[in-house]
Amino acid sequence: MNEPLGVIGAGWVGLVTAACFADLGHDVVVRDVVPERIAELEAGRVSIYEPGLAKLLERNRERVRFTLDLADVFSAARIAFVSVPTPSTYSGEADLSAVWSVLDELPEPSERAILVMKSTVPVGTGEKVRAHLDARGLAHVGYVSNPEFLAEGTAVRDFRQPDRVVIGAFDEADGDAVESVYARIEAPVVRADVASAEMVKLASNAFLATKISFINEIANVCEETGADVAVVAEGMGLDRRIGPLFLRPGIGYSGSCLPKDVAALKQLAGNSGYHFQLLTAVIEVNELQKRRVVGKLAKHLGSLRGKTIALLGLAFKPNTNDMRDAPSLILAPRLLAEGAVVRGWDPVALEEARPLLRGVELCPSLLEAVRDADAAVIVTEWDELRELPSAEVREAMRNPLIVDGRNFLAPDAVRAAGFRYEAIGRVASDLSALPETEETEPELLT
Ligand code: UDX
Ligand code: UDX
């Protein structure tokens with residue numbers, strides 16, 4: 001008989017965790033504090049765009065129950081996963097208020113219960129939670145750190161085929177209990193103390209961000225020296241000590257996790273008296289990288305005043321409607337401040353983007369977004385943008401210029417289609433005449 005489980009916080013991580021455990025045969029009680037979210041989930045609606053999630057929840061409808069009441073979780077299950085938000089405070093530290101409110105609200109469970117932290121928290125949080133529980137006379141509530149490594153857009157797959165499962169426990173038996181619910185997931189299990197488990201998560205995200213800032217700086221040097229970063233990344237990535245992943249240059253890392261976890265780790269180090277120089281640089285490089293696109297547009301268009309710029313892709317990455325810390329939120333106000341007319345297109349996140357992108361004309365179709373535009377910027381590498389360098393788009397644009405902030409397209413093919421093309425760390429089109437396209441030939445005949 002599968003252990004019934006609880007999930008506290010029905011967001012990206014909470015819902016994917018609940019749906020995947022239910023699909024493994026566990027009854028799951030999911031608690032959230034937002035009545036609308038619980039109501040929509042009970043009605044079978046999922047406002048989060050995550051491939052495979054809605055289907056999985058539908059398929060396991062019998063096994064997943066939603067509630068606003070935390071007591072329901074602990075009357076049904078002894079193991080509860082905590083996936084409430086831990087956003088950044090102004091200083092970069094993680095805001096743990098949602099974690100503390102769960103602890104304050106915790107009912108007195110009748111038997112031993114285990115709180116399993118999935119939210120990303122600073123190192124040392126486990127100790128503080130332990131002390132808080134003991135102070136409340138809840139010594140029989142165990143605490144386990146079990147960080148998640150889900151990436152949005154592939155979260156269901158990442159849960160089912162993780163690279164590793166990390167379990168940090170004060171009490172060995174609690175660690176064993178949590179390890180047993182992962183029994184049918186094939187992955188190495190790292191058993192650790194709580195502080196080390198907490199650090200695995202922060203260090204992993206910080207290292208991913210470091211790799212991205214590194215390849216972005218290499219890309220910037222390539223632009224100055226005429227090398228092609230795509231070739232460079234390929235050559236680097238074949239070294240098994242480096243690996244090919246996370247070597248895609250672009251307009252910087254963003255999203256709900258990397259920026260906040262890097263800032264939180266830097267702050268954590270600072271609070272412990274250690275100046276984390278490397279992360280300071282990683283953050284600085286990333287902030288500058290987000291703005292390089294504006295320089296590239298100005299290089300081709302001169303003053304941006306009165307120019308129409310189409311931002312293609314508004315969500316922070318493809319296959320999600322998550323706008324948290326999305327590059328479009330940085331680029332749009334910058335371009336508007338330069339006096340440009342800004343249009344935006346995204347295949348799934350237009351409604352999420354609307355309240356966040358004031359002054360931007362949001363377009364339901366790609367063609368409407370590029371009509372009479374002076375430039376199109378690939379901000380998020382949605383698959384649909386593979387079709388961007390078409391004759392139809394070229395004719396619709398006032399000036400067929402594509403600035404590829406994700407090195408998503410093949411430069412030669414884009415130029416052959418009659419566009420000027422500028423990417424990240426790749427040889428740019430010259431600024432003068434438009435490249436000849438096959439089609440232009442006929443004109444010569446007249
Ligand atoms: C969360 C954490 O923010 C992140 O640090 C961690 O790495 C993974 O879990 P995510 O699932 O993306 O990330 O958060 P979000 O989508 O914002 O969902 C959090 C849910 O918790 C929301 O549905 C929110 O309503 C709910 N919540 C918020 C609670 O249940 N209790 C609270 O006190 C506050
Ligand atoms: C990340 C981590 O991958 C995941 O393990 C963790 O649990 C949560 O944070 P996510 O934020 O969903 O996941 O996205 P990810 O795919 O990691 O991309 C993060 C950012 O880096 C995005 O802005 C993406 O565009 C950027 N990125 C990623 C690059 O610029 N280049 C790359 O090579 C890879």
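Quick note: residue numbers are just sequence positions, from 1. For clarity, every value in this text was computed on a predicted model and none was experimentally measured. Note that ligands are numbered from 1 as they come in the structure, with each ligand's atoms numbered from 1 the same way.
- For the pair Arg386 and Phe408, the cation sits on the ring face: its NZ or CZ lies under 6.0 Å from the ring centre, inside 45° of the axis.
- Interface of Ala98 with ligand 1, defined as ligand atoms under 4.0 Å from a residue heavy atom, comprises 32 (C), 33 (O), 34 (C).
- Less than 6.0 angstrom separates the ring centroid of Phe21 from the ring centroid of Phe159.
- You'll find the side chain of Ser256 reaches within 4.5 Å of the side chain of Asp322, heavy atoms only.
- In Val33, the parts holding a heavy atom less than 4.0 Å from any atom of ligand 1 are both the side chain and the backbone.
- Considering CE of Met199 and CG of Asp193, their distance stands at 11.0 Å, rounded to 0.5 Å.
- Close approach of ligand 1 to Ala10 is summarised as follows: ligand atoms under 4.0 Å from at least one heavy atom of the residue are 20 (C), 23 (O).
- Heavy atoms of Ser101 found under 4.0 angstrom from ligand 1 belong exclusively to the side chain.
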### Message
Applying salt bridge (Lys or Arg N to Asp or Glu O under 4.0 Å) to Lys290 and Glu287, what does each step give before you reach the verdict?
### Response
CA-CA 6 Å; Lys290 290 179 185 172; Glu287 287 315 307; 3.4 Å; yes

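- Contact check for Arg324 versus Glu152: side-chain heavy atoms found under the 4.5 Å cut-off.
- Between Trp382 and Tyr49, the ring planes are perpendicular. Angles over 60° get that label, and only those under 30° would be called parallel.
- Of all the atoms in ligand 1, the ones that sit under 4.0 Å from a non-hydrogen atom of Val84 are 1 (C), 2 (C), 3 (O), 21 (O), 29 (C), 30 (O), 31 (N).
- Taking the centre and axis of the six-membered ring of Phe66, the NZ or CZ atom of Arg31 falls outside the cone set by 45° and 6.0 Å.
- Close approach of ligand 1 to Val34 (heavy-atom distance below 4.0 Å) involves ligand atoms 25 (O).
- If you look at ligand 2, the protein residues with a non-hydrogen atom under 4.0 Å away are Glu148, Phe149, Leu150, Ala151, Glu152, Lys201, Asn205, Leu208, Ile212, Phe246, Leu247, Arg248, Tyr253, Ser254, Cys257, Leu258, Phe316, Lys317, Arg406.
- Arg61 is linked by a salt bridge (Lys or Arg N to Asp or Glu O under 4.0 Å) to Glu58, counting only residues two or more places apart in sequence or in another chain.
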